[in-house]
Amino acid sequence: MTAPQQIRVRFAPSPTGYLHIGSARTALFNWLYARRMGGAFILRIEDTDAVRSTETSYEAILDALQWLGLDWDEGPLIGGPYGPYVQSARQVLYHNEVQKLIERGKAYRCFCTPGELQEMRSDATERGLPPRYDGRCRNLPGDEVERRVMQKAANVIRFRMPAGKTRVYDLIRGAIPFDNVELDDFVLIKSDGKPTYNFAAVVDDAKMKITHVIRGDDHLSNTPKQVMIYKALDYPLPKFAHLPMILGSDKTRLSKRHGAASVQEFRRIGYLRDGLVNYLALLGWAFDDKTEFFTRENLIKKFSLKRVGKNPAAFDPDKLNHIDGEHFKKLSLMEKVVLVFDRLQEHDVFPSDFNVSEWSIAELNDRERASVIERKETNNSHYRDELPRLAIIIKVMGNRLKNLKDAPNMLAYYFKDEYPVDHRAYEEHLSNANTAEHLKALAGELWELETFDRSTIEKVARGLAEKRGISAAAIIHPCRVALTGKSVSPDIFSVIHLLGKEKTVQRLGAAVDHIVGLPKK
RNA sequence: GGCCCCUUCGUCUAGUGGUUAGGACGUAUGGUUCUCAGCCAUGAAACAGGGGUUCGACUCCCCUAGGGGCUACCA
């Protein structure tokens with residue numbers, strides 16, 4: 001009995017842009033598999049495309065992975081026994097390996113120019129043949145090759161594809177047959193000396209002892225070529241698992257025109273990382289017929305490659321919102337407060353000239369009060385005094401605030417005088433002269449209050465309605481629009497309380513002015 | 001064009017020869033309420049099409065269609 005070999009998987013992005021949501025899903029599945037199996041998750045940067053690779057992108061990708069919490073066991077920043085983990089630093093390796101192939105007659109130098117190749121292809125296409133390399137440099141005599149290399153003639157190194165068939169075994173799709181003639185004498189080393197993706201990936205995966213290659217579906221057609229390289233180099237073959245693609249709502253490849261497409265965009269919008277991770281896990285994988293909510297620990301516990309599906313999945317923002325919301329809902333009040341607080345700061349929702357006085361902390365229970373006070377003392381933000389009131393606001397908002405991302409817009413009216421306004425609500429509730437009278441009276445009574453807490457406010461408002469012989473709703477609805485700009489909000493008496501006496505009276509006054517200023521009908 | 005992959009409600013999916021084809025998102029209706037959210041109740045909504053195999057196909061095979069990928073000195 002040999003000890004079971006350690007599972008090693010890798011995520012190998014090329015630094016040519018932000019971390020795309022599809023790549024993030026690939027990274028996640030690799031990470032989950034590694035964590036599930038007690039294996040190693042390796043990060044490798046495939047920057048063999050000198051033109052498109054950038055340093056900014058490299059940093060953005062690492063940053064996105066860190067934010068997602070997909071920590072790697074070997075790779076950039078931390079190194080490892082099989083480094084370096086950036087392909088541009090592994091040149092020598094590729095050359096040694098390709099040298100072996102040349103010596104074994106499994107690869108050869110090709111001196112064809114891009115122009116010649118282009119001609120070759122259009123020629124073939126014209127004659128209705130598949131465009132392939134015609135093999136004209138396949139059997140150049142050795143001394144001829146040597147002579148041209150000495151002359152520094154530009155050349156690439158091609159794989160000498162043998163005739164026959166190659167079968168790929170995919171963990172998700174089973175056996176897939178390919179005919180080698182379709183594979184072509186593809187390029188291993190470009191004329192700039194850099195390896196192509198197919199070659200570098202194989203050498204690195206082999207040298208890094210990768211046991212499972214889990215990657216996007218778009219690589220499936222590359223796999224037989226890679227299998228041929230493994231065989232030519234006598235490398236042990238890893239297992240392959242090709243994940244279905246993630247598509248946009250129109251079932252075409254997900255891109256910017258579908259809205260957010262990169263991890264950093266979702267982060268900026270305000271999604272919770274665990275919400276995004278949970279949603280991504282559900283794209284192409286399902287644990288059973290009902291479970292959808294997963295913490296990352298549970299994901300690790302339940303993940304398996306066997307339950308990965310074959311069909312491409314369309315990205316559904318609605319469902320993401322829902323899953324994200326489920327994670328937000330599970331947060332404790334203080335966790336929400338901290339998150340929302342930071343987010344409001346990022347969105348400049350705390351203008352310095354907006355002060356709310358005369359509200360009470362009585363709406364919090366003892367435990368909540370203690371923890372918010374502790375939080376306030378340890379927070380060093382300029383706006384930390386807002387924390388207690390924010391805690392009450394979030395409590396009062398309850399499940400109306402479904403996602404963190406909505407906080408700046410939904411809560412703006414509590415913190416500043418410029419907030420989104422629904423004009424239809426104004427027309428509906430703030431257009432009647434009687435309403436102006438009611439609101440004026442309400443403002444007057446509120447202004448006189450000694451104790452400005454929720455129950456007193458409610459008593460006053462309802463009492464006023466009774467005195468004036470109108471329904472409470474006739475005051476409540478206009479009041480809501482006057483104070484929040486919308487026709488929906490939490491319990492209006494709580495809103496009044498949280499806005500404080502001064503702001504409430506001020507906004508009621510503005511609403512009265514608005515009605516009075518309306519053209520007479 | 002060639003090769004390869006994929007195809008269950010609008011979307012994500014469960015399902016592995018015999019099920020009223022299940023769940024979730026979204027959506028519709030009613031109830032509760034100061035609005036909304038929530039909650040409760042009730043709906044609508046799918047096996048791409050056609051051939052086989054079989055006593056019996058969503059499930060197995062073939063074809064067609066549609067979508068996707070590869071076909072680069074991109075990854």
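The structure presented is a predicted model; accordingly, all values stated were derived computationally and were not measured. FYI, side chains are in, hydrogens and waters are out, and symmetry mates aren't considered; it's all heavy atoms of this structure. Throughout, protein chains are lettered first and strands after them, A, B, ... in sequence-line order, and every chain is numbered starting at 1.
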Indicate, with a heavy-atom threshold strictly under 4.0 Å, whether [X] touches base, sugar-phosphate, or nothing.
| X | result |
| --- | --- |
| A:R307 | sugar-phosphate |
| A:A472 | nothing |
| A:G216 | nothing |
| A:P490 | base |
| A:A286 | sugar-phosphate |
| A:E182 | sugar-phosphate |
| A:L283 | sugar-phosphate |
| A:K194 | nothing |

Practice item. Between A:A473 and A:P244, just flag the one whose closest nucleotide in RNA chain B comes earlier from the 5' side. Key: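 Upstream on the strand: A:P244.
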
Please pick, from [options], the nucleotide with the shortest atom-to-atom distance to any side-chain atom of [X].
| X | options | value |
| --- | --- | --- |
| A:P131 | B:C12, B:U35, B:G1 | B:G1 |
| A:I176 | B:C6, B:C4, B:C25 | B:C4 |
| A:E292 | B:G38, B:A24, B:C25 | B:A24 |

Point to revise | Trace of the salt bridge (charged side-chain N to carboxylate O under 4.0 Å, His left out) decision for A:R468 with A:E437 | key: CA-CA 10 Å; A:R468 311 195 130 222; A:E437 291 305 315; 5.1 Å; no

Should [X] and [Y] count as an ion pair when the cut-off is N to O under 4.0 Å?
| X | Y | value |
| --- | --- | --- |
| A:R160 | A:D185 | no |
| A:R44 | A:E46 | yes |
| A:D453 | A:K459 | no |
| A:R424 | A:E427 | no |
| A:R462 | A:E466 | no |
| A:D49 | A:R52 | yes |

Given atom [atom1] of [X] and atom [atom2] of [N], what is their separation to the nearest angstrom?
| X | N | atom1 | atom2 | result |
| --- | --- | --- | --- | --- |
| A:D324 | B:G26 | CG | P | 13 Å |
| A:K306 | B:U16 | NZ | C1' | 16 Å |
| A:L247 | B:G10 | CG | P | 17 Å |
| A:N278 | B:C25 | CG | P | 13 Å |
| A:D179 | B:G2 | CG | P | 15 Å |
| A:M228 | B:C3 | CE | P | 20 Å |
| A:K319 | B:G23 | NZ | P | 13 Å |
| A:M120 | B:U71 | CE | P | 17 Å |

Practice item. Only counting residues at least two apart or in another chain, list the ones meeting side-chain hydrogen bond (donor to acceptor under 3.5 Å, both in side chains) with A:R10. Key: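 A:R10: side-chain hydrogen bond (donor to acceptor under 3.5 Å, both in side chains) contacts with A:D205.
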
Give me, pair by pair, the N or O atoms of the protein and of nucleotides 31-33 of chain B that are less than 3.5 Å apart, along with how far apart they are.
none

**Study point:** For A:R109 against A:V149, the heavy-atom pair lying closest together
**Key:**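 Between these two residues, the closest heavy atoms are CD-CG2, 3.6 Å.
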
Review point. If we take the C1' atom in both B:C58 and B:C39, what is their distance in whole Å?
Key: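 Comparing C1' positions in B:C58 and B:C39 gives a spacing of 36 Å.
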
Review point. Looking only at atom P, what distance separates B:C70 and B:C61, rounded to whole Å?
Key: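 Between the two P atoms, the distance is 27 Å.
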
Exercise for review: Kindly say whether A:A153 contributes a backbone atom to a donor-acceptor pair with the side chain of A:N155 at under 3.5 angstrom?
Suggested key: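 At least one qualifying donor-acceptor pair exists.
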
Look at the side chain of [X] against the base of [N] and say whether a donor-acceptor pair falls under 3.5 Å; ignore hydrogens and angles.
| X | N | answer |
| --- | --- | --- |
| A:R480 | B:C34 | yes |
| A:T125 | B:G1 | no |
| A:R400 | B:C36 | yes |

Find every protein N or O atom lying less than 3.5 Å from an N or O atom of nucleotides 73-75 of chain B, and list the pairs.
unit_1, atom_1, unit_2, atom_2, d
B:C73, O2, A:S191, N, 2.7
B:C73, O2, A:S191, OG, 2.6
B:C73, N3, A:S191, OG, 2.9
B:C73, N4, A:C112, O, 3.3
B:C74, OP2, A:K190, NZ, 2.8
B:C74, O2', A:D49, OD2, 2.6
B:C74, O2', A:R52, NH2, 3.0
B:C74, O2, A:R52, NH2, 3.3
B:A75, OP1, A:T48, OG1, 2.5
B:A75, OP1, A:D49, N, 3.4
B:A75, OP1, A:K190, NZ, 2.8
B:A75, OP2, A:Y197, N, 2.9
B:A75, O3', A:E46, O, 3.4
B:A75, O3', A:E46, OE1, 3.2
B:A75, O2', A:S14, OG, 2.9
B:A75, N6, A:N222, OD1, 3.3
B:A75, N6, A:N222, ND2, 3.0
B:A75, N1, A:N222, ND2, 3.3

